[in-house]
Amino acid sequence: HREVPMVTAILGDSFGGPTWLAVSSDFVTQLNGTCMGVAGPRMLEIATGEKVVEEELGGVEVHHHYTGQIDQSAETEEECIAQLKMFLSFLPSHSEEEPPLSPNDDSVERRVDQLLSVVPEKRNRAYNMKKVIAALVDNGNFFEIKPEFGPALLTLLTRIEGRSVGIIANQPMKYAGAAGVQECEKATDFICMCDSFHIPLIFLHDIPGFRVSSEAEKSKIPTKIMMWNQALAQSTVPKVSVVIRKSVGAAYGNMCGPTMGADFVVAWPSAEINFTGPEVGINVVYGRELVLSENPTEDREKLLEKWSFDSSPYKAAAKHLIDDVIEPGETRQFLAK
């Protein structure tokens, strides 16, 4: 839990002290062409014999794609400073205050019916979740955190009715929105930061599950998933979840589904909520029957139809697992309320 916001701009080569400060900060931006690391190339060469150029050691690309230790980068010092100012504009000056209000002329009664054409009905068609977010938030403006790290999950600061909110959303354009090790770390960091400074969280679900693989297991993905869970469980800010298209298995919990501390969980009518994806689920549950079937293709189709009916949000609403099924066009009004 943080007392005051701390921000860092890496504007030249930084080793030792400045690096410790940067990785302890709430927001870090780095000037392209600079290097941030524990020790510089000359020191490394003497200490370990490793020869490496600064860009490969701690350049912008390394931190964007591998470490997640920077949140943004820029071509000029002026842009870096502007990013620090933008980040701070969403935060209070210390943790005993609420974030500042920033009134604007974007009506909270504005409908967002255009979202029906942004989000395809077919589950396996990709779309850009940023277009959904731009429609929902004040004047379409948002400030993305760690855009290139863990790209299947979006974390961004924005406003609804002039109030600061943090949005955590799946990005179907990358890995179909499935979260891997980096996405887990990114979500955990963002939840902790928003919770420290009283920034409510909005979760937009379209996630087929976690991106598991032998590589992910070597990088401790179970631990990373549970750390994300713990950050959620211990956070005290208001949390609202909207299931846009699908939310599957344990990922439904990590995206703040029911019983994970959400104040409200709602779904669009097109949403699907289940313990595993339909094709996989049918293989697991009905595998033997399908092997013995005289007409496996037809039987599989029937089972898929039944599966999608059982996964509809109305079933979940009937059991009080979610609070409501809302029209996509009302999503901004709902969030503002």
Can you measure from [atom1] ([X]) to [atom2] ([Y]) and round to the nearest 0.5 angstrom?
X      : Y      : atom1 : atom2 : result
Leu232 : Thr188 : CG    : OG1   : 8.5 Å
Trp20  : Ser25  : CH2   : OG    : 13.5 Å
Phe15  : Cys35  : CZ    : SG    : 4.0 Å
Ile10  : Ile70  : CD1   : CD1   : 9.0 Å
Thr8   : Gln69  : OG1   : CD    : 12.0 Å
Ile168 : Leu156 : CD1   : CG    : 9.5 Å

Same apolar cluster: [X] and [Y], side chain cutoff 4.5 Å:
X      : Y      : answer
Leu91  : Leu201 : yes
Met173 : Ile207 : no
Leu115 : Leu154 : yes
Phe27  : Phe197 : yes
Val112 : Phe142 : yes

State, yes or no, whether a side-chain contact exists between [X] and [Y] at a heavy-atom distance under 4.5 Å.
X      : Y      : result
Val237 : Ile199 : no
Asp71  : Phe87  : no
Asp189 : Glu185 : no
Val266 : Val325 : no
Val137 : Ile133 : yes
Ser73  : His64  : yes
Glu144 : Thr155 : no
Leu11  : Cys80  : yes

Are the side chain of [X] and the backbone N or O of [Y] linked by a donor-acceptor pair below 3.5 Å?
X      : Y      : answer
Arg111 : Gln333 : no
Lys186 : Phe149 : yes
Asp206 : Ile244 : no
His198 : Ser95  : yes
Thr34  : Gly59  : no
Ser219 : Ile221 : no
Asp138 : Gly162 : yes
Asp26  : Val7   : no
Ser241 : Val265 : no
Arg163 : Pro200 : no

Evaluate the criterion side-chain contact (heavy atoms from CB on, under 4.5 Å) for residue pair Phe203 and Val242; output intermediate values, then yes/no. CA-CA 6 Å; Phe203 296 80; Val242 183; over 6 Å; no
Minimum-distance pair of heavy atoms, taken over all atoms of [X] and [Y]:
X      : Y      : result
Pro151 : Lys174 : O-CG, 3.7 Å
Trp228 : Ala187 : CE2-CB, 3.5 Å
Glu161 : Val108 : CG-CG1, 3.3 Å
Gly177 : Pro208 : C-CD, 3.8 Å
Ile322 : Pro258 : CG2-CG, 4.5 Å
Ala267 : Ala271 : CB-CB, 3.8 Å

Of Val60, Leu84, Ile145, Thr29, the residue whose pairing with Gln72 passes side chain to side chain contact (heavy atoms under 4.5 Å, CB included):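 When side chain to side chain contact (heavy atoms under 4.5 Å, CB included) is applied between Gln72 and each of Val60, Leu84, Ile145, Thr29, only Thr29 qualifies.
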Quick one: do Thr76 and Glu79 satisfy side-chain hydrogen bond (donor to acceptor under 3.5 Å, both in side chains)? Show the steps, please. CA-CA 5 Å; Thr76 66; Glu79 280 176 83; 3.2 Å; yes
Looking just at side-chain N and O atoms, do [X] and [Y] make a donor-acceptor pair shorter than 3.5 Å?
X      : Y     : answer
Ser93  : Glu97 : yes
Ser89  : Lys85 : no
Glu148 : His65 : yes

For Arg159, is there an ion pair with Asp106 - N to carboxylate O distance below 4.0 angstrom? no
Run the numbers on Lys239 and Asp263 for salt bridge (Lys or Arg N to Asp or Glu O under 4.0 Å), then give the verdict. CA-CA 5 Å; Lys239 292 178 281 293; Asp263 296 282; 5.4 Å; no
Tell me whether [X] at atom [atom1] has more than 12 heavy atoms from other residues, nucleotides or ligands lying less than 6.0 Å away.
X      : atom1 : value
Tyr127 : OH    : yes
Glu61  : CD    : yes
Arg2   : CZ    : yes
Met260 : CE    : yes

Does the pair Lys224 and Glu183 meet the rule for a salt bridge (Lys or Arg N to Asp or Glu O under 4.0 Å), with working shown? CA-CA 9 Å; Lys224 306 287 181 185; Glu183 284 80 6; over 6 Å; no
Show the numbers, then the answer: is there a side-chain contact (heavy atoms from CB on, under 4.5 Å) between Thr158 and Phe143? CA-CA 6 Å; Thr158 182; Phe143 184 67; over 6 Å; no
Asp324/Phe334 under side-chain contact (heavy atoms from CB on, under 4.5 Å): CA gap, chis, key distance, verdict: CA-CA 11 Å; Asp324 206 352; Phe334 168 77; 5.9 Å; no
Intermediate values then yes/no, side-chain contact (heavy atoms from CB on, under 4.5 Å), Ile326 and Trp268: CA-CA 5 Å; Ile326 65 167; Trp268 285 9; 4.1 Å; yes
Please determine whether side-chain hydrogen bond (donor to acceptor under 3.5 Å, both in side chains) holds for the pair Gln171 and Asn128, giving the CA-CA distance in whole Å, both sets of side-chain angles, and the decisive distance to 0.1 Å. CA-CA 7 Å; Gln171 174 55 295; Asn128 192 344; 2.8 Å; yes
